[in-house]
Amino acid sequence: MKEPIRVAITGGAGQIGYSLLFRLANGETFGVDQPVILQILEIPQAVEALRGVVMELRDCAYPLLQDIIASDDEKVVFNDANWAILVGGKPRGPGMERADVIRDNAPIFVAQGKAINDYAADDIRVLVVANPCNTNALIAMNSAPDVPADRWMAMTRLDQNRAVAQLADKAGVQPAAVSHMAIWGNHSPTMLPDFEHAQIGGQPVTSVIDDRAWLEGDFVEKVQQRGKEVIDARGKSSAASAANAVVDHIRSMVQPTEGTWFSAAIYADGNPYGLPGGLFSSFPLRMMGSGYEVVSGLELSDYARRKIGTSIEELQEEREAVADLLK
Ligand code: NAX
């Protein structure tokens, strides 16, 4: 039996937490031979609700779940953590602008970044889910000077999966036939789901779906606005599909990528594709052994550069809004 890994999750009593925790514990995320210890953070007001979730986790009697630590203390939760999945955050309240949400959430990520820096294991990997996830990741990373930049990511896997589902539906194929789907930019309605490099059955999407107007129009818009569409229908934001995307993201990180790509926002300091650095922006990535690399050599069309440019401008504005918190 392998040594257990310690997985810290924040916001464990929330919607995503309720779908995610069980899938971290049952072996499908880290592997069927990998024991886990879950270390779950909540705010004091939600600790009682979290106690109920912990009871349910125990009632699953998962063979791989070696321990559960639930606390409102960051020191306890991030202690020796090998993975940190930052889901907890403050939701957008009525009448709040995007900039208000950013400022409201920023202190959480300063504190959690510091705690990760001081208490997590040397091999810590962090995935930020809580919105605005790209900028929250930037804030947390800046508060953790001892943790290398390549350990931090923000989640765009749900956008990738949504794009795959839309293309499969349009082409009348199973989602598994769609590959090489890259998301560029911010996890926000400005992102670009890159149909120009995606493939269906190994063929370019643009040759299988010979309808550029649909691809640039309905397809891109549907992916960009899918979160809102789910809220309008369900009355709540995406939760099970977001948890599923976390599972997919981690699986891509712990298993070498076979021939295709996955997307996540990374700290793009080396200006890949000549795009401005110093931000968390989404790129197509490949996992190689113990580290990832940005997929290189893709031709970006003028259309793609324009769209990605808009998304990066939005990220620059978000960064500006929290400039005082960045060292
Ligand atoms: P919920 O409001 O259901 O749950 C959030 C939980 O976080 C609550 O239980 C709350 O008590 C807890 N929390 C708040 N502040 C905390 C802190 N400082 N430390 C620890 N826990 C804290 O939201 P949920 O639907 O679970 O969504 C969580 C986050 O994911 C939101 O920020 C949401 O916007 C974001 N999402 C990100 C997605 C992505 O693709 N990156 C997609 C889904 C989702 O919208």
Side-chain angles (χ1 to χ4, degrees), residues 5-21 23-24 29-30 36-43 46 50 53 69-92 101-121 123-144 146-159 186-188 237-239 242-250 253 264-267 279-280 282 318 322 325-326:
I5 53 167
R6 292 177 181 271
V7 185
I9 306 101
T10 70
Q15 285 203 92
I16 296 175
Y18 195 67
S19 285
L20 176 62
L21 288 164
R23 300 185 63 183
L24 299 175
T29 307
F30 294 100
V36 294
I37 297 171
L38 295 181
Q39 309 192 150
I40 315 171
L41 185 71
E42 258 300 348
I43 52 175
L50 179 58
V53 178
I69 295 162
S71 175
D72 60 5
D73 184 343
E74 282 150 355
K75 287 199 291 294
V76 172
V77 165
F78 292 117
N79 189 40
D80 285 340
N82 308 104
W83 271 89
I85 309 167
L86 309 186
V87 182
K90 291 193 190 169
R92 188 173 190 155
V101 185
I102 293 171
R103 291 297 312 180
D104 219 24
N105 275 280
I108 297 175
F109 294 89
V110 170
Q112 293 181 359
K114 280 188 182 143
I116 288 169
N117 189 69
D118 292 349
Y119 302 106
D123 66 350
I124 181 73
R125 282 196 177 281
V126 187
L127 175 64
V128 183
V129 176
N131 282 320
C133 61
N134 299 52
T135 297
N136 289 341
L138 183 66
I139 295 167
M141 187 193 80
N142 267 273
S143 306
D146 302 334
V147 181
D150 68 355
R151 306 291 183 75
W152 302 81
M153 289 184 167
M155 190 171 87
T156 55
R157 186 55 172 264
L158 179 55
D159 308 303
N186 200 0
H187 167 69
S188 85
S237 56
S238 310
N244 181 68
V246 174
V247 172
D248 282 349
H249 174 99
I250 295 173
M253 293 293 294
I266 56 158
Y267 185 64
L279 298 161
F280 275 76
S282 186
E318 290 187 14
V322 296
L325 301 172
L326 306 175

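Quick caveat: nothing in here was measured; it's all calculated off a predicted structure. We count residues from 1, following the sequence as given.
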Tell me, please, which residues at least two apart from Ser188 pass side-chain contact (heavy atoms from CB on, under 4.5 Å).
Arg98, Asn186, Thr190, Glu314
With sequence neighbours left out, the residues meeting ring pair (Phe, Tyr, Trp, His ring centres under 6.0 Å) with Tyr119 are none
For Asp123, all residues meeting side-chain hydrogen bond (donor to acceptor under 3.5 Å, both in side chains), sequence neighbours excluded
Asn82
Modelled atom types, side-chain donor and acceptor of Arg23 and Asn244, under 3.5 Å
yes
At their closest point, which heavy atom of Gly88 faces which heavy atom of Ala130, and how far apart are they?
O-CB, 3.6 Å
Salt bridge (charged side-chain N to carboxylate O under 4.0 Å, His left out) partners for Glu42, two or more places apart
none
Is it true that a side-chain atom of Asn117 and a backbone atom of Asp146 form a donor plus acceptor pair closer than 3.5 Å?
yes
How close do Ala137 and Trp152 get, heavy atom to heavy atom, and via which atoms?
O-CE3, 4.5 Å
Return the minimal non-hydrogen interatomic distance between Ala245 and Arg157, and the atom names on each side.
O-CG, 3.5 Å
side-chain contact (heavy atoms from CB on, under 4.5 Å) involving Pro148 - partner list, sequence neighbours excluded:
Asp150, Arg151
For the student: nearest non-hydrogen atoms of Ala70 and Leu50, plus distance:
CB-CD2, 3.7 Å
From CG (Leu38) to CH2 (Trp83), nearest 0.5 Å:
14.0 Å
With sequence neighbours left out, write down each residue that passes side-chain hydrogen bond (donor to acceptor under 3.5 Å, both in side chains) with Asn136, or none if nothing qualifies.
none
With Val129, which of Leu20, Ile9, Val87 fulfils side chain to side chain contact (heavy atoms under 4.5 Å, CB included)?
Val87
Pair up each side-chain donor or acceptor in residues 108-116 with any protein partner under 3.5 Å, not counting sequence neighbours, and list the distances.
none

How about Ile102 and Val322: do any of their side-chain heavy atoms sit closer than 4.5 Å?
yes
Quick one: OG1 on Thr10 to CD on Glu74, what's the gap to the nearest 0.5 Å?
9.0 Å
Are Val36 and Leu24 packed together at the side-chain level, in the sense that at least one heavy-atom pair is separated by less than 4.5 angstrom?
no
Asp80: what forms a side-chain contact (heavy atoms from CB on, under 4.5 Å) with it, not counting sequence neighbours?
Arg6
Which heavy atom of Asn134 sits nearest a heavy atom of Ala265, and at what distance?
ND2-CB, 3.6 Å
Residue list, side-chain hydrogen bond (donor to acceptor under 3.5 Å, both in side chains) with Ser237, at least two apart or on another chain
Gln15
Quick one: side-chain hydrogen bond (donor to acceptor under 3.5 Å, both in side chains) partners of Asn131, sequence neighbours excluded?
none
The reported gap from OG1 in Thr135 to CG in Asn105 (rounded to nearest 0.5 angstrom) is 10.5 Å
With side chain to side chain contact (heavy atoms under 4.5 Å, CB included) as the test, would you mind laying out the steps for Val76 and Ile69 before giving the verdict?
CA-CA 8 Å; Val76 172; Ile69 295 162; 3.6 Å; yes
Approximate separation, where rounding is to 0.5 Å, of Leu41 CG and Asp72 CG
7.5 Å
For the atom pair CG (Leu326) and CD1 (Ile139), what is the distance rounded to the nearest 0.5 Å?
6.5 Å
From CD1 (Ile16) to CE (Met155), nearest 0.5 Å
6.5 Å
Who pairs with Tyr267 by side-chain contact (heavy atoms from CB on, under 4.5 Å), at least two apart in sequence or on another chain?
Leu138, Met141, Ala149, Asp269, Phe280
